[in-house]
Amino acid sequence: MASPAAAAGDGALTGEAVSAGFAELERQQQLLASCTRLYQQLSDHFASLERGLAARSDAIRHKRRAVEARTGRALDSLRRRELSIDGSVSRALEQLDSLAAAGGSGGQEGSSVSEDAAGLADGLRALCARMDSAAFFGFVAARRKEADSLRSEMPPALKCCVDPAKFVMDAVADVFPVDRREAKNPADLAWACVLILEAAVPALADPDPEIGAARPLVPRAARERARGMAREWKEAVELKGGVEGAKPPDAHAFLQLVVTFAVAERADRLLYRRIVVSFSWRRQMPRLALAVGLDEDMPDIIEELIAKRQQLDAVNFAYEAGLQEKFPPVPLLKSYLEDSKKTSCTVSDNLSTSSGQSGSNTNKKEQSALRAVIKCIEDRKLESEFPPEDLQKQLEDLEKAKTEKKKASSSASSGGSSEPANKRIRASNGGPMPPAKAGRLANNTSVSSLPVAATFVRSPSHTSYASPSQTSYASPSHTSYASPPHTSYATASPYPYDRPAAPGLYCNRSPPAIREPYIYRAEELPSVSFGMPYPSPPMTYPAPYGGYTNGLPAYNNGMAPAFHQAYYR
């Protein structure tokens with residue numbers, strides 16, 4: 001039998017062992033939790049890697065299929081082109097024979113018949129048949145208002161050229177890529193270059209109906225010349241500050257040149273994209289973007305346009321690239337209208353704050369946005385998804401508000417009366433009236449241009465002029481002039497005299513050389529006393545009054561003339 005002390009010792013050892021065992025279990029539990037957490041992290045990491053690899057594999061598989069499809073189409077096109085070479089050559093020879101026959105029979109008639117008298121189509125064909133590129137460009141540039149007719153008539157006319165590629169480049173060479181005209185016309189003719197280059201595409205197309213524009217018939221020399229023109233344009237634009245600073249028609253003509261003669265370079269893809277994004281609002285830009293090889297960049301271009309709040313352009317690009325499912329047009333159009341309205345309100349508030357009145361262009365911008373969206377809905381056949389009736393109603397309300405505002409402003413400007421404003425009465429001699437502010441002094445708030453009774457200061461040295469009671473005036477050519485009811489002109493000054501008022505106001509016999517008088521108040525004239533220098537009168541007297549300033553420098557007027565000297569004549 002164990003002793004109590006031994007039993008107590010065994011119990012103490014058992015308690016320590018249990019505590020140590022629990023501590024070990026807790027440590028093992030923490031280690032197991034840490035391993036579980038690390039395993040979960042590794043599992044998530046490898047799962048993410050697997051998903052990324054799967055996505056990349058799918059993308060590569062999709063691109064491979066697309067490349068295979070394009071390669072197959074290209075190979076099919078090459079086979080069809082190879083099979084169509086003989087037929088294309090025979091058609092070209094037939095066309096050349098027909099042109100030669102037409103030139104031999106109708107050349108005399110074309111030179112004798114006036115281009116203005118002939119119709120538009122006949123004039124274009126005659127110039128193309130004669131290969132007169134300079135006259136052709138002038139003919140097109142002089143008919144900008146007939147651009148639609150030119151766009152439809154030029155392609156068949158350019159087919160009458162012996163060498164359409166050379167003819168087109170010769171036609172635009174004086175204006176594009178650099179304006180080389182000696183006497184430069186202020187009118188910008190880049191639009192004519194765009195029109196001619198567009199019309200050259202069907203003229204340069206393969207006559208085979210299946211291939212068509214897929215194989216432009218451009219000689220090697222013409223292609224090299226087109227590359228040189230494109231290179232010259234790029235250099236000129238870089239010297240002027242870059243593509244963003246170029247004129248829209250010039251940039252458009254550059255892209256059209258590249259597309260027409262098929263001289264797009266892969267190294268210039270970034271340049272093409274900058275041009276397309278900078279001038280995306282031009283109608284032909286989506287088509288040109290695809291033609292220069294930006295089909296893979298179209299989603300990024302559309303997203304960039306949306307980020308720049310050019311949703312309307314984004315819709316046009318999406319439809320041209322066939323991406324309207326990825327970029328639905330209706331939300332984009334609604335967002336465009338909301339942004340336009342916010343911008344108009346912001347501009348109106350800024351103008352009201354800075355100038356105290358609302359900007360008149362705000363209403364016009366909102367109307368323009370509504371018209372653009374309505375036209376886009378009609379062109380894209382979106383009436384079922386986005387009915388334009390509400391937009392039409394908003395447009396009518398804006399036009400009505402604009403009309404009412406115009407009527408209110410016109411009524412306010414006329415003072416609520418239809419009576420015309422009173423006009424200043426001219427002198428009877430038909431002379432020019434001075435400005436309303438002529439002769440105004442610092443303390444003179446109102447001066448009438450009509451003759452009124454006035455007071456003048458008389459110089460003591462001029463004693464030959466009549467007294468205040470005198471009513472007639474001597475003149476070298478007119479012995480007397482009848483005075484009006486104002487029979488005396490006097491002042492409180494000790495030296496009064498009568499200055500002859502302009503007789504033209506009272507008698508048609510007065511010489512037109514004498515200008516009309518300007519009346520000054522008595523309190524504005526300085527006082528005069530003996531023994532002191534004479535002060536200057538209100539203004540310098542002209543020559544018809546006898547030369548009051550001759551020999552009297554004190555009479556020189558130091559005041560700046562209030563109006564042009566022509567009023568003295």
For R380, check salt bridge (charged side-chain N to carboxylate O under 4.0 Å, His left out) against everything at least two apart and list the hits. none
Which residues pass the salt bridge (charged side-chain N to carboxylate O under 4.0 Å, His left out) test with D379, sequence neighbours left out? K375
Rounded distance (nearest 0.5 Å) linking atom [atom1] of [X] with atom [atom2] of [Y]:
X	Y	atom1	atom2	result
R73	E68	CZ	CD	12.0 Å
R287	L255	CZ	CG	10.0 Å
F279	D250	CZ	CG	9.0 Å
D148	E146	CG	CD	10.0 Å
E338	R309	CD	CZ	11.0 Å
L294	L270	CG	CG	10.0 Å

Could you tell me whether [X] atom [atom1] has more than 12 heavy atoms of other residues or ligands within 6.0 Å of it?
X	atom1	result
R56	CZ	no
K166	NZ	no
K406	NZ	no

Do you know which of E366, E399, E396, E378 makes salt bridge (charged side-chain N to carboxylate O under 4.0 Å, His left out) with R371? E399
Give the minimum heavy-atom separation between [X] and [Y], together with the two atoms involved.
X	Y	value
A199	M154	CB-CB, 3.6 Å
D188	R144	O-NH1, 4.2 Å
A230	L257	N-CD2, 3.9 Å
K234	L271	CD-CD2, 3.3 Å
W191	A141	CZ2-O, 3.6 Å
A321	M298	CB-CE, 3.8 Å

Are a donor atom and an acceptor atom from the side chains of T260 and Q256 found within less than 3.5 Å of each other?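 Result is yes, a qualifying pair exists.
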With no hydrogens and no angle check, just 3.5 Å: does a side-chain donor-acceptor pair link D313 and S280? yes
State which residue, out of Q394, K400, K393, fulfils the side-chain hydrogen bond (donor to acceptor under 3.5 Å, both in side chains) condition with D397.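 Filter result, single survivor: K393.
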Stepwise salt bridge (charged side-chain N to carboxylate O under 4.0 Å, His left out) test for R283 and E198: CA-CA 13 Å; R283 184 183 60 184; E198 285 180 351; over 6 Å; no
Residue pairs fulfilling ring-ring contact (aromatic ring centres under 6.0 Å, His included) with at least one residue in residues 248-272, sequence neighbours excluded: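 Sorted pair list: W233-F254.
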N-O pairing of K407 and E404 below 4.0 Å: no
Determine, step by step, whether F136 and F167 satisfy the ring pair (Phe, Tyr, Trp, His ring centres under 6.0 Å) criterion, reporting the C-alpha distance in whole Å, the side-chain angles of both residues, the deciding distance to 0.1 Å, and the verdict. CA-CA 9 Å; F136 177 83; F167 179 80; 5.0 Å; yes
